[in-house]
Amino acid sequence: MNRAYNFNAGPAALPLEVLQQAQEQFVEYQGAGMSIMEMSHRSALYEQVNNESQALMRELFGIPDNYHVLFLQGGASQQFAMIPMNLLRPGQAGAYVKTGAWADKALKEAKFIGETVIAASSENDKYMRMPSVNDFIVPDNAAYLHMTSNETIGGVQFQEFPTNLGNVPLVADMSSDILSRPIDINKFGLIYAGAQKNLGPSGVTVVIVRDDLVQDSPKDIPAIFRYDTHAKNSSLYNTPPSFSVYMVNLVLKWIKSNGGVAAMEQLNRDKTKLIYDAIDQSNGFYIGCAHPDSRSLMNITFRIQSEELEKQFVKESEQNGFVGLKGHRDVGGLRASTYNAVPHESCKALAEFMADFQRRNG
């Protein structure tokens with residue numbers, strides 16, 4: 001088997017063991033005579049997968065009983081609209097922390113629904129440093145405060161979350177770093193994450209939402225866009241992305257068998273240190289993009305002194321089995337996405353390739 005060193009930003013690497021298990025069960029699941037993709041989402045077998053996946057999310061992420069775990073569709077982009085549709089009322093404002101492309105997209109969608117304010121911004125730092133949570137300015141009429149915990153394009157990540165919001169619910173887009181480190185769920189009113197980076201394949205979005213925010217779902221928006229609709233139906237209101245949920249189930253079991261979320265965090269710190277050290281010890285050959293206090297454990301962004309060398313780096317890396325190291329088209333440069341399923345060996349190989357490339361071109 002010739003597995004690539006997969007550093008794609010998303011859809012991203014999946015654990016090899018998970019892929020092999022899915023391969024074994026692809027044609028026939030649990031003796032049913034059919035694939036899980038072929039069976040009714042009302043069947044006992046699929047409901048077991050759905051319920052078990054919710055229970056695993058609760059166990060691994062420490063989700064209390066007064067939160068719902070939902071498996072929805074439409075990606076984080078649909079949540080950009082669903083959140084203000086469900087939570088933003090007349091006379092209130094959606095407060096947003098503007099930290100990069102994804103936070104900005106969430107803000108723009110909310111503007112179609114109601115009033116918005118910017119509680120903090122790192123635009124003056126070219127989105128290469130997260131603002132301090134102590135500097136957030138949240139108005140009295142805020143319906144919620146929205147943060148993007150990790151920005152994949154800039155490679156910046158919040159190291160902490162605010163604790164002094166009073167009754168204002170904290171909403172977080174954790175699409176690119178969910179289950180990469182333990183967090184206190186009680187600080188949040190709602191967390192959402194597209195699965196295709198840390199949880200599984202594309203097609204399903206996990207929403208963790210507190211009871212009181214579900215109960216307040218307005219009745220003047222379509223049922224499919226109301227959180228209470230999906231909570232009452234245990235994510236089975238309409239046909240779910242059943243195969244994607246099944247894959248999330250396998251990934252959650254993989255995380256559990258490998259020590260849980262705390263073990264994932266230590267693994268992520270160990271493997272990303274290899275690459276950050278290659279940058280920091282290069283005497284300026286490689287230049288880290290993110291400010292050191294905001295560096296992401298999920299997306300490492302860096303540059304080389306010339307675009308010609310960056311193009312050569314990408315070309316040679318691909319020839320050596322590396323995939324996904326070209327930076328986002330909006331900012332250029334180089335990026336290595338090191339999500340939970342990216343093996344330590346891949347990061348070690350990249351660090352060694354970077355050192356060798358520097359020796360030959362420095």
Hydrogens and angles aside, do [X] and [Y] bring a side-chain donor and acceptor to less than 3.5 Å of each other?
X	Y	result
Glu151	Thr99	yes
Asn340	Ser180	no
Asp177	Gln157	yes
Asp270	Gln266	yes
Asn299	Ser337	yes
Glu52	Asn249	yes
Tyr5	Glu345	no
Tyr29	Tyr46	no

Salt-bridged, [X] to [Y], with N to O below 4.0 Å?
X	Y	value
Glu307	Lys311	no
Arg303	Glu310	yes
Lys105	Asp173	no

Look only at the side chain of [X] and the backbone of [Y], and say whether a donor-acceptor pair between them is shorter than 3.5 Å.
X	Y	value
Arg335	Thr152	yes
Thr301	Gly154	yes
His291	Asp293	yes
Ser282	Tyr286	yes
Asp356	Glu352	no
Thr148	Asn150	no
Thr338	Leu297	yes
Ser346	Val342	no
Ser43	Met39	no
Asp125	Tyr127	no

Any chance [atom1] of [X] has more than 12 other-residue heavy atoms, nucleotides or ligands included, within less than 6.0 Å?
X	atom1	result
Lys187	NZ	yes
Asn66	CG	yes
Asp65	CG	no
Arg329	CZ	no

Indicate yes or no: at least one non-hydrogen side-chain atom of [X] is less than 4.5 angstrom from one of [Y].
X	Y	value
Leu165	Pro162	yes
Val69	Val209	no
Tyr227	Ser217	yes
Phe26	Met37	yes
Phe161	Val133	no
Ile279	Phe285	no
Leu252	Met57	yes
Gln79	Leu72	yes

Exercise. Given Glu59 and Lys256, is the salt bridge (charged side-chain N to carboxylate O under 4.0 Å, His left out) satisfied, shown in steps?
Worked result: CA-CA 9 Å; Glu59 177 185 352; Lys256 182 177 179 179; 3.1 Å; yes
For this session: Walk me through it: do Ser53 and Val49 pass the test side-chain contact (heavy atoms from CB on, under 4.5 Å)?
Result: CA-CA 6 Å; Ser53 302; Val49 171; 4.1 Å; yes
Problem set entry | Aromatic contact, Tyr144 with Tyr96 (centres under 6.0 Å) |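 Yes, ring centres under 6.0 Å apart.
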From [atom1] ([X]) to [atom2] ([Y]), nearest 0.5 Å:
X	Y	atom1	atom2	value
Ile183	Phe158	CD1	CZ	13.5 Å
Gln358	Asn361	CD	CG	9.5 Å
Leu14	Met247	CG	CE	5.0 Å
Leu309	Ser306	CG	OG	3.5 Å
Lys271	His344	NZ	NE2	9.0 Å
Met85	Gln78	CE	CD	8.5 Å

Same apolar cluster: [X] and [Y], side chain cutoff 4.5 Å:
X	Y	value
Leu236	Ile224	no
Leu70	Val206	no
Phe243	Leu45	yes
Val117	Phe136	no
Phe188	Leu145	yes

Problem set entry | side-chain contact (heavy atoms from CB on, under 4.5 Å) between Ile208 and His68, intermediate numbers included | CA-CA 6 Å; Ile208 303 163; His68 297 272; over 6 Å; no
Problem set entry | salt bridge (Lys or Arg N to Asp or Glu O under 4.0 Å) involving Asp330 - partner list, sequence neighbours excluded |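 Here no residue qualifies.
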Anything under 3.5 Å between a donor and an acceptor, one on a side chain of residues 317-327, the other on a protein residue two or more places apart or in another chain? List them.
from, atom 1, to, atom 2, distance (Å)
Ser317, OG, Phe313, O, 3.2
Ser317, OG, Val314, O, 2.7
Asn320, ND2, Glu316, O, 2.7

Kindly give the heavy-atom pair with the smallest separation between [X] and [Y], and that separation in Å.
X	Y	value
Asn86	Pro218	O-CD, 3.4 Å
Ala341	Ala13	CB-O, 3.4 Å
Met264	Leu179	CB-O, 3.8 Å

For this session: Before giving the answer on side-chain contact (heavy atoms from CB on, under 4.5 Å), spell out for Val207 and Ile191 the whole-Å C-alpha distance, their side-chain angles and the decisive distance to 0.1 Å.
Result: CA-CA 6 Å; Val207 175; Ile191 294 169; over 6 Å; no
Problem set entry | Verdict with reasoning, Glu123 to Lys98, per side-chain contact (heavy atoms from CB on, under 4.5 Å) | CA-CA 7 Å; Glu123 189 170 7; Lys98 193 175 178 184; 3.4 Å; yes
Problem set entry | Working for side-chain hydrogen bond (donor to acceptor under 3.5 Å, both in side chains), residues Ser175 and Gln196 | CA-CA 8 Å; Ser175 292; Gln196 66 272 14; over 6 Å; no
